[in-house]
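Okay, so here's the structure we're looking at.
Just so we're clear, the structure is a prediction, and the values are computed from it rather than from any experiment. Side chains are part of it too, since the values below use all heavy atoms of this structure and drop only hydrogens, waters and symmetry mates.
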Amino acid sequence: MENKKFIGIVLLACLVASGLTMNFLGCALKFSTINNDNWLLILSIVCYILLPIPLYFASSSTDNYSSNNPLRAFFLFLFGFIFAASYAIPLVLAHSQIVAIESMGLTLGGCTVVYLSFLLYGYFYGSSNDYDP
């Protein structure tokens, strides 16, 4: 049983690594001769680092399941804002023609793969109490 959990963690790590590789390729490859500002897409990777912080504070606030907890609501709003920003940054940069459409596609694909791996980790390992890292 422990071997299956280890294999699952390794596969999820490979999924995150492939998503980050897509993001870095979107920043590194030059698809057009007009612009050289693909490095701005790194800002979506910063969102990956910032995303768990509001969830940590939302889950550690007192009385987690109360609907009248404004601090928890603020942290969940901040989580949604950061999540939406990680998709909006490449879209806005491509719309304003600062980055190429191909770079935007690679970055959005990388965002989707990384967030899918986060979701799968939470689904398979989030509610199990018998897993000790």
Side-chain angles (χ1 to χ4, degrees):
M1 185 66 179
E2 292 296 322
N3 193 20
K4 287 184 180 180
K5 288 183 180 181
F6 178 73
I7 291 172
I9 295 284
V10 169
L11 290 176
L12 287 173
C14 290
L15 202 60
V16 170
S18 65
L20 287 174
T21 302
M22 288 175 68
N23 279 324
F24 287 128
L25 284 175
C27 296
L29 296 177
K30 186 175 179 182
F31 291 104
S32 67
T33 59
I34 298 171
N35 50 27
N36 275 335
D37 292 334
N38 286 349
W39 61 271
L40 287 171
L41 294 172
I42 290 284
L43 293 173
S44 66
I45 296 174
V46 172
C47 292
Y48 302 155
I49 298 166
L50 296 177
L51 193 66
I53 296 171
L55 281 181
Y56 172 75
F57 287 120
S59 66
S60 66
S61 65
T62 58
D63 197 17
N64 282 337
Y65 300 106
S66 171
S67 61
N68 295 329
N69 190 351
L71 188 62
R72 183 173 188 265
F74 171 72
F75 285 127
L76 290 177
F77 170 77
L78 195 59
F79 169 79
F81 180 78
I82 294 171
F83 180 79
S86 67
Y87 280 101
I89 289 170
L91 289 170
V92 169
L93 289 174
H95 178 72
S96 61
Q97 297 178 349
I98 295 174
V99 300
I101 298 294
E102 294 86 359
S103 297
M104 178 204 65
L106 276 171
T107 303
L108 290 178
C111 284
T112 304
V113 169
V114 169
Y115 287 142
L116 180 67
S117 65
F118 290 168
L119 187 67
L120 288 173
Y121 177 80
Y123 179 75
F124 288 116
Y125 300 106
S127 63
S128 115
N129 294 328
D130 59 344
Y131 178 68
D132 294 323

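We find the CG-CG distance between Leu106 and Leu25 to be 6.5 Å, quoted to the nearest 0.5 Å. Taking CG of Leu108 as the start and CD1 of Ile101 as the end, the distance is 10.0 Å to the nearest 0.5 Å. Summarising the geometry, atom CG belonging to Leu51 is positioned 9.5 Å from atom CG belonging to Leu78; distances are rounded to the nearest 0.5 Å. The CG atom of Asn23 lies 11.0 Å from the OG atom of Ser103; values are rounded to the nearest 0.5 Å.
Follow the hydrophobic side-chain contacts under 4.5 Å out from Phe124 and you reach Tyr121 in the same cluster. In the hydrophobic clustering of this structure, Trp39 groups with Ile98; members are Ile, Leu, Val, Met, Phe, Trp, Tyr whose side-chain heavy atoms approach within less than 4.5 Å, directly or through other members. Residues Leu71 and Phe77 do not share a hydrophobic cluster, clusters being chains of Ile/Leu/Val/Met/Phe/Trp/Tyr side chains in contact below 4.5 Å. Cluster annotation: Tyr123 and Tyr125 are assigned to the same hydrophobic cluster (Ile/Leu/Val/Met/Phe/Trp/Tyr, side-chain heavy-atom contacts under 4.5 Å, transitive). Transitive grouping of hydrophobic side chains (ILVMFWY, heavy atoms separated by less than 4.5 Å) keeps Leu119 and Ile53 in distinct clusters.
Side chain of Tyr48 to backbone of Cys111: a donor-acceptor contact under 3.5 angstrom is found. Judged purely by atom type and a 3.5 angstrom limit, Asn38 has no side-chain atom pairing as donor or acceptor with the backbone of Lys30.
Ile42 places a side-chain heavy atom less than 4.5 Å from the side chain of Phe24.
Contact between Met104 and Ala94 at its shortest, heavy atoms only, is SD-CB, 3.6 Å. The minimum heavy-atom distance between Val113 and Met22, with the atom names listed, is CG2-SD, 4.3 Å.
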N/O donor to acceptor pairs below 3.5 angstrom from side-chain atoms of residues 6-17, sequence neighbours left out:
none

Can you list, pair by pair, the side-chain donor-acceptor contacts under 3.5 Å of residues 81-92, counting residues two or more places apart and other chains?
unit_1 : atom_1 : unit_2 : atom_2 : d
Ser86  : OG     : Phe83  : O      : 2.7
Ser86  : OG     : Tyr115 : OH     : 3.0
Tyr87  : OH     : Thr112 : N      : 3.4
Tyr87  : OH     : Thr112 : OG1    : 3.2

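Shown here are the side chain to side chain donor-acceptor pair (under 3.5 Å) partners of Ser18, two or more places apart in sequence or in another chain: there are none.
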